[in-house]
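Written below as structure tokens is the structure these notes are about.
FYI, the numbering just counts along the sequence from 1.
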Amino acid sequence: MTLVLASQQPALIVLLVLGTVAKMITVRSGGEPGALSRLGPAVLVPGRMQAPALVVCAAGELVLACGLLLTTHPLFRWGTVTFFTLSTYVLLELRRRRPDAGCGCFGEVSAAPVGLRSVARTVTLSGMALMTVWGETPGWTVFARPSWHTLAGVAVLVALSPELEEMVDRLRYRAPCERRRAPAESVTLSRLRSSGTWRAHQAELAAAEPYDSWRELCWRFFAFDGQGDRDVVFAVYLSGRRPVVRAAVVDRQDSGSMPEYTPVSA
């Protein structure tokens, strides 16, 4: 009976960790303006608090996951029950107050409007968490000896997770690069400054921050004041973890004419 009560701990731990990682990726990537205002729990707080709200939620999930994995302390068991119960309440509030908003359970992947399956999933997770309260083994022991009860719980959660269908649709119908949402400008600028192209031309810059930035198709351009009568323009490709970065020297001309670009490196 003890093993049955503890059998759902692996599913709870994995979901809590996935939720933590996905929320942090969403906050880190930024995305288009207003993206966080369409994800719970950020929907229910003022604009300047939306990113911190997701970070706090992610940190809480990680603490609960570690507690379930390593200990049998009732604080983490009841904390998990409380977390999923409150999550159910938040989803019901989102359906009532903001039917266009996603649950944000797994960051941006959970951007679709909250449906009955998402609500049913948090109710199921609340019940699974309640079972673990009376379990007498930490989560790591169940990971080492999974049972069919564990697999049954995972199957139910998979059936109640609309995010899987969303991910399949994104893979099957992936938009071309020029139509995809670009990373936040600060993220692209950080990638530029970590590139070899930036280091090769940093000495030519008269200012540390760009005076202009714009997007063209799959590229983000940053224009910097350069030494003498020249500017340096960097172009960062918007796809990939290590994007291509190119640089060009711009000869300053009369303000009424277009600048003349002379590519110097890739």
Side-chain angles (χ1 to χ4, degrees), residues 4-27 29 31-32 34-45 50 53-54 56-58 60-62 64-65 68 77 79-133 139 142 146-175 181:
V4 173
L5 292 174
S7 63
Q8 302 309 316
Q9 287 187 86
L12 295 171
I13 293 167
V14 169
L15 284 182
L16 289 168
V17 171
L18 288 177
T20 297
V21 173
K23 289 180 179 66
M24 294 306 298
I25 290 175
T26 298
V27 172
S29 63
E32 65 182 9
L36 294 182
S37 65
R38 297 191 295 271
L39 298 176
V43 173
L44 303 177
V45 297
Q50 289 172 353
L54 282 182
V56 169
C57 185
E61 288 178 283
L62 183 60
L64 291 175
L68 292 178
R77 305 288 177 89
T80 305
V81 175
T82 302
F83 175 80
F84 286 118
T85 303
L86 288 176
S87 297
T88 304
Y89 170 75
V90 170
L91 294 189
L92 292 174
E93 279 294 293
L94 287 177
R95 280 177 59 86
R96 183 177 67 86
R97 294 168 52 182
R98 286 288 304 275
D100 62 311
C103 74
C105 308
F106 298 99
E108 193 180 3
V109 180
S110 303
V114 176
L116 293 178
R117 288 169 66 191
S118 297
V119 176
R121 180 176 61 193
T122 56
V123 172
T124 302
L125 287 168
S126 299
M128 293 167 65
L130 189 61
M131 288 176 57
T132 67
V133 170
V142 187
S147 66
W148 71 267
H149 300 94
T150 304
L151 299 178
V154 171
V156 171
L157 294 177
V158 168
L160 294 175
S161 297
E163 290 84 0
L164 296 176
E165 298 170 6
E166 174 68 17
M167 292 176 65
V168 171
D169 287 342
R170 290 188 181 192
L171 292 174
R172 291 179 59 190
Y173 306 107
R174 193 175 186 186
R181 184 168 59 194

Self-check item: Rounded distance (nearest 0.5 Å) linking atom OG of Ser87 with atom CG of Leu92
Solution: 11.0 Å
Quiz item: Got a sec, which residues hit side-chain contact (heavy atoms from CB on, under 4.5 Å) with Ala58, two or more places apart in sequence or on another chain?
Solution: Thr20, Lys23, Met24
Exercise. Could you tell me whether the side chain of Leu15 reaches within less than 4.5 Å of the side chain of Leu157, counting heavy atoms only?
Key: yes
Quiz prompt | Exercise: identify the closest heavy-atom pair between Ser118 and Leu91 | solution = O-CD1, 3.5 Å
Practice problem: Can you see which heavy atom on Leu12 is nearest to which on Ala129, and at what distance? | Solution: CD1-CA, 3.7 Å
Quiz item: Does any non-hydrogen side-chain atom of Leu116 lie less than 4.5 Å from one of Arg95?
Solution: yes
Quiz prompt | side-chain contact (heavy atoms from CB on, under 4.5 Å) involving Ala65 - partner list, sequence neighbours excluded | solution = Ile13, Leu16, Val17
Quiz item: Is there a donor-acceptor pair under 3.5 Å between the side chain of Ser126 and the backbone N or O of Phe84?
Solution: yes
Quiz item: Please, which pairs that meet salt bridge (charged side-chain N to carboxylate O under 4.0 Å, His left out) have at least one residue in residues 121-131, sequence neighbours excluded?
Solution: Arg121-Glu163
Quiz item: Which residues pass the side-chain hydrogen bond (donor to acceptor under 3.5 Å, both in side chains) test with Gln9, sequence neighbours left out?
Solution: none
Quiz item: What are the two closest heavy atoms between Met128 and Ala11, and how far apart are they?
Solution: CE-CB, 3.9 Å
Quiz item: Does Val56 have any side-chain contact (heavy atoms from CB on, under 4.5 Å) partners at least two apart in sequence or in another chain, and if so, which?
Solution: none
Quiz prompt | side-chain hydrogen bond (donor to acceptor under 3.5 Å, both in side chains) partners of Thr88, counting only residues at least two apart | solution = Thr122
Quiz prompt | Leu125 CG to Leu130 CG distance, which is reported to the nearest 0.5 Å | solution = 12.5 Å
